[in-house]
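Owing to the predicted nature of the structure, the values given are computational and were not obtained by experimental measurement. Letters A, B, ... mirror the listed sequences (proteins, then strands); counts begin at 1.
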Number of protein chains: 2
Amino acid sequence: MGVALWRQIADRIRLGISNGDYDATGMVPPETALAAEFGVNRHTVRSALAALAEEGLVRAVQGRGTLIERKERVSYPISRRTRFSAGLGRQVKEIGTELLGHGQVPASGEIAAALDVSPGTPLIELRTVSSGDGRPLSTAISYYPADRFPRMAEQYARLGSVTKAFAAHGLDDYVRVSTEIVARHAEAEELALLKLSPGAIVMEAQSLNADLDGRPVEYSRTRFAADRMKLRIET
Amino acid sequence: MGVALWRQIADRIRLGISNGDYDATGMVPPETALAAEFGVNRHTVRSALAALAEEGLVRAVQGRGTLIERKERVSYPISRRTRFSAGLGRQVKEIGTELLGHGQVPASGEIAAALDVSPGTPLIELRTVSSGDGRPLSTAISYYPADRFPRMAEQYARLGSVTKAFAAHGLDDYVRVSTEIVARHAEAEELALLKLSPGAIVMEAQSLNADLDGRPVEYSRTRFAADRMKLRIET
DNA sequence: TATAGTTGTCTAGATCAATAGACATTTTGG
DNA sequence: CCAAAATGTCTATTGATCTAGACAACTATA
C-alpha cells in the first residue's frame, strides 16, 4: 500500500537483473510473460519497464525485446586508508568531482563532538557531488577545522581532491577513524543532485578522519546512490 | 511518481524526527501546520501520520497532539571480530534469534568461490531471524562447509549462537574477512520476516568469515531493517 | 467554565493507477 | 515473402488516492 504496483514490479525486475536471472539471453522476458509471472496487466509491466529504461538499466527494441544494459554497482572500499578516487580507479573510466559550494560555519553540537572542538568553533564546509563516467554516484558535506585548514575550499577547487588539499596544508597522511552507515529514502535535494527518481534509496555514511596523532581533521556525511554503489568493508 | 504522496510525506516526517527537529516539544507539529508546510491536504498528512503510528514511531492523542515515541536505530558493529549478540548487548534488553529452517545444498558458483570450495560441494544452509526487544532487526542466510561443520544446524538450534556452534565443532576463533553492503527495497519475503511495510528498505551485507589460518568457514547474506539499524564500521 | 487548539470522522468531487481489449509497427526466422 | 513474436499506441472502465469542506470529540489553559 502506498507504493504503485508498477513500481513494485520494477523493483522485482531490477532485482532479477542484478541476480543474473536473465543472463542467458541478455534480455528481460517478453512483457506478456512478465505480466503472467507477476499476475498483473501488461500495461503495468510496461510502466515498470519504462521506469527501468528511464534509469538506463534496460532498452526496449520494438519487435525484438527489452535488452539489459547491465550496469554493475560500483564498489566503494572503506578501510583505514579510504581515498575516494583511488578506490574507484579501475571500475570507472572517468571520475568527476564538482564543488557545489563552500562556506564557513560554526560547529554545531554533534559535529563539534565528532571533531573534538568546542561548539561554535569555525569550520570550513564543502558540498560536493562525485560521478563516474557521467553518472552521479555520491554527494557529500564535509567539515574541516578552519584554523588548521583555512584554504581548504580554494585548494579543493584547484586540486579536485581532499587528499591533495590536505597535503597543501602540510598534512601528508590521515586515517579513517569511524564510519556509520544508514540507508533511507532520498530527500528532494538528493534526488536532484544524484539524478534519482522518487522512492530511490541513499546510503548515508557518516565518517571521521584523523591525522596520525589521532586529531580529527575531517567529518563528512556522504550519501551514495544505493542502486549504483555497494560499500566494501576492508578490515 | 509511483509513490503515494502520503508515503513521501511520512518519509519526510520520519526524517525530521530522526534529525531531532521536534525534540523541543517531543511532538510532531499539528496536522494543519504540517499540511501547510508540505503543501498538501490535511487528510494526506493524516494518512502519513497513521502510517508512522503503525510503525510505532508516533502516537496521536486527541485534543493534545501527536507524540513522538523515539526509537533510536540500533547500532550494529562490523569489525574483524564481528559477533552478532555481543555488539548489540547494551542497546537492547533482550535478543531473540529464531531458526527458520535449515538444509544441505550444493555450493553454487558465487558462494563456492567465496568459500573457496568446488561448485557442488555440500554446504549447510541456515535461515534465521534476529530481533531486539521483540522487533525484528535482521534476517540471514548462512552457508557452512558440510564436511567440516556437519552438525551446524543442530548445534545452532541448541545453542542459539553461531560462535558457540563453531566452538562445538572445535573452532574457537574466527575473523571477518570481507563485507559488502548494498541497500535496496525489501522483497516480499523480507517484508514478512522483518514485519516491514511495502517500500521499506533493507541493507544487505554479504560477509565472509574465516578461521585464523585463513580458511573460509562461513558465508552469509544478512538483511537488516534499514529503519531500525545502522552499521558501524570499526577499522 | 468558556475558549482556543488539537485530533477524529464523514461526505463529495477530481485526479491518478490499473485493468481490459484491439490493433499498429517492427524484427526474426522459416 | 510470410507468419510468428515482440514492442508501441489508443480507447474505455473501474478503483484508489488526493483535495475540499464541515463538524464532532477531546485536552489544556485562562
Side-chain angles (χ1 to χ4, degrees), chain A residues 1-14 16-17 21-22 24-69 185 188 197-200, chain B residues 1-14 16-17 21-22 24-69 185 188 197-200:
Chain A
M1 218 145 62
V3 180
L5 193 48
W6 63 263
R7 190 167 279 284
Q8 301 178 43
I9 302 294
D11 290 339
R12 293 174 67 174
I13 297 174
R14 191 191 299 104
I17 291 174
D21 294 353
Y22 314 126
T25 59
M27 303 172 69
V28 160
E31 295 169 351
T32 48
L34 289 171
E37 175 184 349
F38 296 127
V40 299
N41 192 275
R42 179 176 157 234
H43 292 299
T44 308
V45 169
R46 283 181 58 76
S47 298
L49 290 174
L52 296 177
E54 181 76 19
E55 289 178 23
L57 187 63
V58 300
R59 181 167 52 91
V61 179
Q62 187 171 163
R64 286 184 63 190
T66 303
L67 284 62
I68 296 170
E69 315 261 278
H185 292 103
S197 45
Chain B
M1 221 140 63
V3 180
L5 193 48
W6 63 263
R7 190 166 278 284
Q8 300 178 45
I9 301 294
D11 290 339
R12 293 173 67 174
I13 296 174
R14 191 190 299 106
I17 291 174
D21 293 355
Y22 314 125
T25 59
M27 304 172 69
V28 161
E31 295 169 352
T32 49
L34 288 170
E37 176 185 349
F38 297 125
V40 300
N41 192 275
R42 180 178 155 232
H43 293 297
T44 309
V45 169
R46 283 180 60 75
S47 297
L49 289 174
L52 296 178
E54 180 77 17
E55 289 178 24
L57 187 63
V58 300
R59 180 167 53 91
V61 178
Q62 188 171 159
R64 288 182 61 190
T66 303
L67 283 63
I68 296 171
E69 316 260 281
H185 291 105
S197 44

Would you kindly give the [atom1]-to-[atom2] distance between [X] and [N], to the nearest whole Å?
X: A:L67; N: C:dT26; atom1: CG; atom2: P; result: 18 Å
X: A:R59; N: D:dG8; atom1: CZ; atom2: P; result: 11 Å
X: A:L34; N: D:dA6; atom1: CG; atom2: P; result: 11 Å
X: A:N41; N: D:dA12; atom1: CG; atom2: C1'; result: 13 Å

* Asked: Would you say a side-chain N or O of A:W6 is under 4.0 Å from OP1 or OP2 of C:dA18?
  ->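 For C:dA18, OP1 or OP2 has a side-chain N or O of A:W6 closer than 4.0 Å.
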* C:dT6 phosphate, OP1 or OP2: any side-chain N/O from B:T66 under 4.0 angstrom? -> no
* Of the candidate nucleotides C:dA18, C:dT7, D:dT19, which contains the atom at the shortest distance from the side chain of A:T44? -> C:dA18
* Structure fact -> From the candidates C:dT7, D:dT17, D:dG8, the one with an atom nearest any side-chain atom of A:E31 is D:dG8
Polar atom pairs (N or O), protein with nucleotides 26-30 of chain D, under 3.5 Å:
unit_1: D:dC26; atom_1: O4'; unit_2: B:Q62; atom_2: OE1; d: 3.3
unit_1: D:dA28; atom_1: OP1; unit_2: B:R64; atom_2: NE; d: 3.2

* Indicate the atoms forming the closest heavy-atom contact of A:G16 with A:Y22, along with that distance. =>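 Shortest heavy-atom separation between A:G16 and A:Y22 comes out as C-CE1, 4.1 Å.
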* **Taking every non-hydrogen atom, the tightest pair across A:M27 and A:L67** =>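 For A:M27 versus A:L67, the nearest heavy atoms are CE-CD1, 4.2 Å.
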Atom pair [atom1]/[atom2] of [X] and [Y] - distance to nearest 0.5 Å:
X: A:D11; Y: A:W6; atom1: CG; atom2: CH2; result: 9.5 Å
X: B:I9; Y: B:I13; atom1: CD1; atom2: CD1; result: 6.5 Å
X: A:R12; Y: A:D21; atom1: CZ; atom2: CG; result: 11.5 Å

* **Nearest-nucleotide comparison on DNA chain C, the residue closer to the 5′ end among B:P29 and A:L5** =>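 Looking at DNA chain C, the more 5' nearest nucleotide goes with B:P29.
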* Asked: Over its full length, what angle do the end axes of the helix from C:dT1-D:dA30 to C:dG30-D:dC1 make, each axis taken from five pairs and the result rounded to 10 degrees?
  -> 30°
Extract all donor-acceptor atom pairs below 3.5 Å that involve side chains of residues 38-57 of chain B and protein atoms in other chains or at least two apart in sequence.
unit_1: B:N41; atom_1: OD1; unit_2: B:H43; atom_2: N; d: 2.8
unit_1: B:R42; atom_1: NE; unit_2: B:E31; atom_2: OE1; d: 2.8
unit_1: B:R42; atom_1: NH2; unit_2: B:E31; atom_2: OE1; d: 3.0
unit_1: B:R46; atom_1: NH1; unit_2: B:E31; atom_2: OE1; d: 3.4
unit_1: B:R46; atom_1: NH1; unit_2: B:E31; atom_2: OE2; d: 2.9
unit_1: B:S47; atom_1: OG; unit_2: B:H43; atom_2: O; d: 3.3
unit_1: B:E55; atom_1: OE1; unit_2: B:R14; atom_2: NE; d: 3.2
unit_1: B:E55; atom_1: OE2; unit_2: B:R14; atom_2: NH2; d: 2.6

Sort me out a list of protein N/O and nucleotides 9-13 of chain C N/O pairs below 3.5 Å, or just none if empty.
unit_1: C:dC10; atom_1: N4; unit_2: B:H43; atom_2: NE2; d: 3.4

* **Listed partners of A:A200 passing side chain to side chain contact (heavy atoms under 4.5 Å, CB included), at least two apart** => A:L191, A:L196
* How would you list, by chain and number, every residue that makes a salt bridge (charged side-chain N to carboxylate O under 4.0 Å, His left out) with B:E69, sequence neighbours excluded? ->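 Only B:R59 meet the salt bridge (charged side-chain N to carboxylate O under 4.0 Å, His left out) criterion with B:E69.
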